[in-house]
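Just so it is clear: chains get the letters A, B, ... in the order the sequence lines come, proteins before strands, and each one is counted from 1. What's counted below: heavy atoms across the whole structure, side chains too, no hydrogens, waters or symmetry copies.
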Amino acid sequence: MTEMTNQKTAEQPKEPVQTTATDKPFIRVEGMHKWYGKFHVLKDLNLNVGQGERIVICGPSGSGKSTFIRCINRLEEHQKGKIIVDDVELTDDLRQIDTVRREVGMVFQHFNLFPHLTVLENCCLAPIWVRKTPRREAEATAMEYLERVRIPEQALKFPGQLSGGQQQRVAIARALCMKPKVMLFDEPTSALDPEMIKEVLDVMVELAESGMTMICVTHEMGFAKTVADRVIFMDAGEIVEVAPPHEFFDNPKEARTQQFLQQILH
Amino acid sequence: MTHPTELPPKSELGVVGWARKNLFSTWYNALLTLVVSYLVISSAIPLFKWLFLEATFTGETASDCSGEGACWLFISQRLNFFIYGFYPDTLQWRIDIMFGLLALAFVPQFIERFPGRKWFGLFGVTGLPIIGYILIPGGWFGLEEVPSNKWGGLMLTLILAYVGILAALPIGTVLALGRRSEMPIIRGICVVFIEVWRAVPLITVLFMASVMLPLFLPEGVSFEKLMRALIGITLWQSAYMAEVVRGGLQAIPRGQYEAASALGLGYWRKMGLIVLPQALTLVIPGIVNTFISLFKDTTLVLIIGLFDILGAVQSTVTDPAWQNVAIEGYVFVAFCFWIFCFGMSRYSQNLERKLDTGHRT
């Protein structure tokens, strides 16, 4: 795995993508804690994400990075602190949760496409039922995004007929069809065969270039170097270090970060 | 280097090849084949003789039956009673219309390319019960009223099964969702309902419905016996259905729920659009299994004095005018049940094939 990551890193273009980040925080996480039963998974997380900013979260497995981004659209509940997305605070209020989820797209490690619906129906479902977009318009938008992820010809197939890389690109298109203001990626390439990782990363880089606000949990360090405005390193439920990629990779401050980077890069 | 396409060796092809490979591959296989063939043929011939060759199909009274083969005369002479029970002869056209509509709604479901068969099916579960509710008992629009104690035979069997099946699936689905709910009160109610109804034999439910329930109802309030039986069967069946559906719900990966939530779908849309379509498809065999067993369980209404098709036949085979016709009667009933149950089974297989969209994620 280490070798693979290394190889990937070498393949990625090195020049960073131009940032379009603004100062106004779009997502604010303040003193957030989460417990699973008695287990303290997330400890005092603080993070502001500006509009258009691209964040990459990395860290060893079990460090809580997936749990963290799943809190941002309330797939997981936090018990202490605040999460505010686009001026809406996530509380127990179901309406606020739905408001936030409409603005936040998510891509999962295992794609989670709906196997009983075609690719096109997967993409149109939420716009039609949640946003009340007329079917025709939703389908046109869906085709547009399927073209952007380069698989318009698969629109009428079922997810089970596609390769992993294609499925993940459909999943990205499905999320984009809701015209979200921010996209969360939860290890989008970890379940893919090596030869399919690039096609998904290419789509993600394009998306970043278009100015989408993104938070990605990933082990793809090449992607982090190209795209990220900031890289966050998490370990044992804490944010250990936050830094721009060149600083993060060339000159990490914390001992734990150094150790982690050594492990994955060598 | 390429090889020309060759046909497999002759011994592998055709009926002879198949028989040689599967039936006569070794000496003991050959022996077994011969013995079994002898047993099958020697029992099939007398059965065929009894059923058709020596059977009596025409005539008027019991004396026309030869006595050797089956006396189908008995069935044809009493067919009216077996199908309609005591429903008045002059009003039987109402039942005939219902049979016709039933066939109209469901026969197209077996024909792959029938245009608009979805709409026929939809009519079968919406319009058909409404028309039946008006037409069969009458008392509306100047239709003469036929009290339910006159209903019987196949028509009653179909009414019991149809209402039970139609009502049990949605109620069972709601119960299954309730049992998996995060709200403790709703979950509690559903668990108690399911566990109580499922743990009681249907006979007990029917007895309670026909004998005990009237004792508890306030004076002046009364349901017809048939209505009480229908409610009992439906609730009992819903509990079973709930567990079948719950099995399907449990098989849906958590990622499906999460993906639906992440797209902003609320609970009912998430269930209705994503989870239930997949869960119900998964448990089609279980659902149809439950339908079939319900269809046959409707015969139990005999013990509360409703004459379904089995009851109707059973009451006639003891008729002194007809001697020794019990076997014919029961064969006829079995055949009727088999037709409907086999139909449901075939339909479910058809549906499973159609809804299979390839590998699951």
Item checked: side-chain contact (heavy atoms from CB on, under 4.5 Å) evaluation trace for B/W236 with B/D297 -> CA-CA 11 Å; B/W236 183 79; B/D297 281 342; 3.7 Å; yes
Note to self: At a 4.5 Å cut-off on heavy atoms, which part of A/R70 comes close to chain B: side chain, backbone, both, or neither?
What the structure shows: side chain
Notebook entry, point to check: Does a side-chain N-to-carboxylate-O contact under 4.0 Å join A/K198 and A/D202?
Noted result: yes
Note to self: Using the rule side-chain contact (heavy atoms from CB on, under 4.5 Å), only one of A/M143, A/R136, A/E139, A/R174 pairs with A/C124; which is it?
What the structure shows: A/E139
Item checked: Portion of A/E76 that has a non-hydrogen atom of chain B nearer than 4.5 angstrom -> side chain
Checklist line | Toward chain A: residues of residues 119-127 of chain B with heavy atoms under 4.5 Å | finding: none
Next item on the list: If the plane angle is over 60° it's perpendicular, under 30° parallel, otherwise tilted; pick one for B/F106 and B/Y162.
Entry: perpendicular
Notebook entry, point to check: Do A/K181 and A/T213 have side-chain atoms, one donor and one acceptor, less than 3.5 Å apart?
Noted result: no
Margin query: Between A/L125, A/V104, A/L184, who has the most heavy-atom pairs with chain B when the cutoff is under 4.5 Å?
Written below: A/L125
Check: Using 4.0 Å as the upper bound for N to carboxylate O, is an ion pair formed by B/E195 and B/R198?
Finding: yes
Next item on the list: Would you mind checking if A/R131 and A/E137 are paired as a salt bridge, meaning a charged N to carboxylate O distance below 4.0 Å?
Entry: no
